[in-house]
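Working notes, beginning with the structure itself.
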There are 2 protein chains.
Amino acid sequence: MNKENAERVQAGTDAEPVILKLEEFLPYRLNVCATLVSQALSRIYIDRYRIGVPEWRVLVTLGQYGVMTGKQIGIHSTMHKTKVSRSVALLERRKLVARRANRNDLREAFLSLTPAGEEIYREAAPIALEFGRQLLDVVDPADRPALDRALKRLTDRSAQLTADLAKDPAHR
Amino acid sequence: MNKENAERVQAGTDAEPVILKLEEFLPYRLNVCATLVSQALSRIYIDRYRIGVPEWRVLVTLGQYGVMTGKQIGIHSTMHKTKVSRSVALLERRKLVARRANRNDLREAFLSLTPAGEEIYREAAPIALEFGRQLLDVVDPADRPALDRALKRLTDRSAQLTADLAKDPAHR
DNA sequence: TATTGTTATACTCTATAACTATA
DNA sequence: TATAGTTATAGAGTATAACAATA
């Protein structure tokens with residue numbers, strides 16, 4: 001208890017002071033957890049293939065779906081179109097992603113992995129999955145469905161909160 | 001299913017191809033969740049007080065403990081000493097944090113909130129706590145202990161993995 | 001007019017190492 | 001020699017807006 005709170009208690013002030021305990025604060029805990037997990041995982045693809053998180057997401061998305069437009073990649077990997085655009089450009093320069101025009105809508109293009117891109121994907125995906133498995137291994141199997149539900153709810157709720165704040169600048 | 005997998009199935013290849021589903025991949029889900037939560041929360045202190053996440057953590061840590069050295073702040077808020085140093089410097093310039101020399105060890109100093117800093121803390125902490133409460137509200141009460149345990153385990157495990165990788169560069 | 005995607009800009013954030021002062 | 005903290009540097013990542021092409 002810090003000085004001020006000790007004083008409050010001593011003085012018998014009825015309003016309990018609010019103490020925010022960082023180590024129990026959910027946003028902080030989520031942030032630390034996600035950062036550490038991301039850091040550990042990124043060693044796999046950053047050190048091996050010299051690509052960052054956005055490029056990794058594009059690679060994995062194309063590995064999962066085969067062919068996609070930039071917009072679709074952005075939706076599926078929750079990335080802004082500029083981030084997708086730059087990641088795709090980098091992967092194209094490395095000959096890991098190929099582009100094919102959509103004749104029905106020339107604004108967009110169909111993106112897919114090249115054979116080299118698929119090779120990396122086939123090599124990296126099992127390692128990443130194994131990493132994910134090892135990670136989940138430390139969570140009690142009985143707790144896993146709850147974790148799954150909680151992450152879903154928290155993600156939806158914070159996305160909604162962010163959207164609300166963006167729409168209503170007065171709340172800031 | 002993408003082209004290659006369809007081919008594999010058609011050819012009757014026995015080795016099932018590994019498909020990494022981003023939306024089910026725990027590291028990705030944690031990252032998206034934490035980013036959205038952090039984004040929503042930071043509106044509270046970034047827009048109100050013009051400070052970033054590191055400064056916020058220092059403020060909250062000092063609000064919680066009253067007096068601390070830079071090193072202690074770093075440990076408690078999982079921040080590197082350079083990040084702590086710069087955050088403290090910024091908060092000092094804004095007269096929100098004060099520094100008092102430790103006569104027993106002149107390398108470090110005792111840091112604490114100024115009255116102005118405490119005022120901001122008293123104003124912001126309840127808002128942050130309310131935010132955290134609203135967030136947790138969407139999680140089924142029955143799922144909360146599991147979420148708590150899971151986050152703890154995942155954080156410990158990934159910290160350990162990162163430490164292992166840092167020690168053993170051959171694994172990269 | 002709206003949408004897809006790219007580019008430019010400026011800004012913030014980060015990691016690392018080098019350094020100072022003290023122990 | 002080791003530790004607490006600061007500063008320098010460079011690189012990475014970010015957000016925003018402006019833009020071009022197409023619908």
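In the text below, chain A, chain B and the rest are named by the order of the sequence lines, each starting its count at 1.
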Inset, instruction - Looking at every strand, decide which applies to Ala89(A) at a 4.0 Å heavy-atom threshold: base, sugar-phosphate, or nothing. - result: nothing
Inset, instruction - Consider the side chain of Asp105(B), meaning its heavy atoms from C-beta on, and name the nucleotide among dT22(C), dA15(C), dG5(C) that approaches it most closely. - result: dT22(C)
Legend entry - Pair Tyr49(A), Glu123(A): side-chain N/O donor-acceptor within cut-off below 3.5 Å: yes
Legend entry - Value in whole Å for how far the P atom of dT14(C) lies from CD of Gln39(A): 11 Å
Legend entry - For atom CZ of Arg50(B) and atom C1' of dC11(C), their distance in whole Å: 14 Å
Inset, instruction - Please work out if Lys71(B) contacts a base, only the sugar-phosphate, or nothing of the nucleic acid, heavy-atom cut-off 4.0 Å. - result: sugar-phosphate
Inset, instruction - Determine yes or no for a side-chain-to-main-chain donor-acceptor pair under 3.5 angstrom, with Thr155(A) supplying the side chain and Leu151(A) the backbone. - result: yes
Inset, instruction - Look at the rings of Trp56(B) and Tyr45(B) and say which category their plane angle falls in: under 30° parallel, 30 to 60° tilted, over 60° perpendicular. - result: parallel
Inset, instruction - Round to a whole Å and report the spacing from CZ of Arg107(A) to C1' of dT22(D). - result: 6 Å
Inset, instruction - Measure the distance from CD on Glu108(B) to P on dT6(D) and round it to the nearest whole Å. - result: 11 Å
Legend entry - Distance, rounded to the nearest Å, where Leu91(B) contributes CG and dT6(D) contributes P: 12 Å
Inset, instruction - Report which part of the nucleic acid Thr69(B) touches: base, sugar-phosphate, or nothing (heavy-atom distance under 4.0 Å, all strands). - result: sugar-phosphate
Legend entry - Length of the CG-C1' vector between Asn31(A) and dC13(C), whole Å: 13 Å
Inset, instruction - Rounded off to whole Å, could you give me the NZ-to-P distance for the Lys81(B) and dT16(C) pair? - result: 13 Å
Inset, instruction - To the nearest Å, give me how far apart NE2 (His80(A)) and P (dT3(C)) are. - result: 14 Å
Inset, instruction - Looking only at non-hydrogen atoms, find the nearest pair between Val60(A) and Leu22(B) and report the distance. - result: CG1-CD1, 3.9 Å
Legend entry - Of Asn104(A) and Ile46(A), the one whose closest DNA chain D nucleotide lies more 5': Ile46(A)
Inset, instruction - Could you pick out which residue, Val53(B) or Asn102(B), lies toward the 5' side of DNA chain C when each is mapped onto its nearest nucleotide? - result: Val53(B)
Legend entry - Donor/acceptor link under 3.5 angstrom from Arg86(A) side chain onto base of dA8(C): yes
Legend entry - Side chain of Lys83(B) (C-beta onward), nearest among dT22(C), dT16(C), dT14(C): dT14(C)
Legend entry - Heavy-atom donor-acceptor pair, Thr35(A) side chain to Asn31(A) backbone, under 3.5 Å: yes
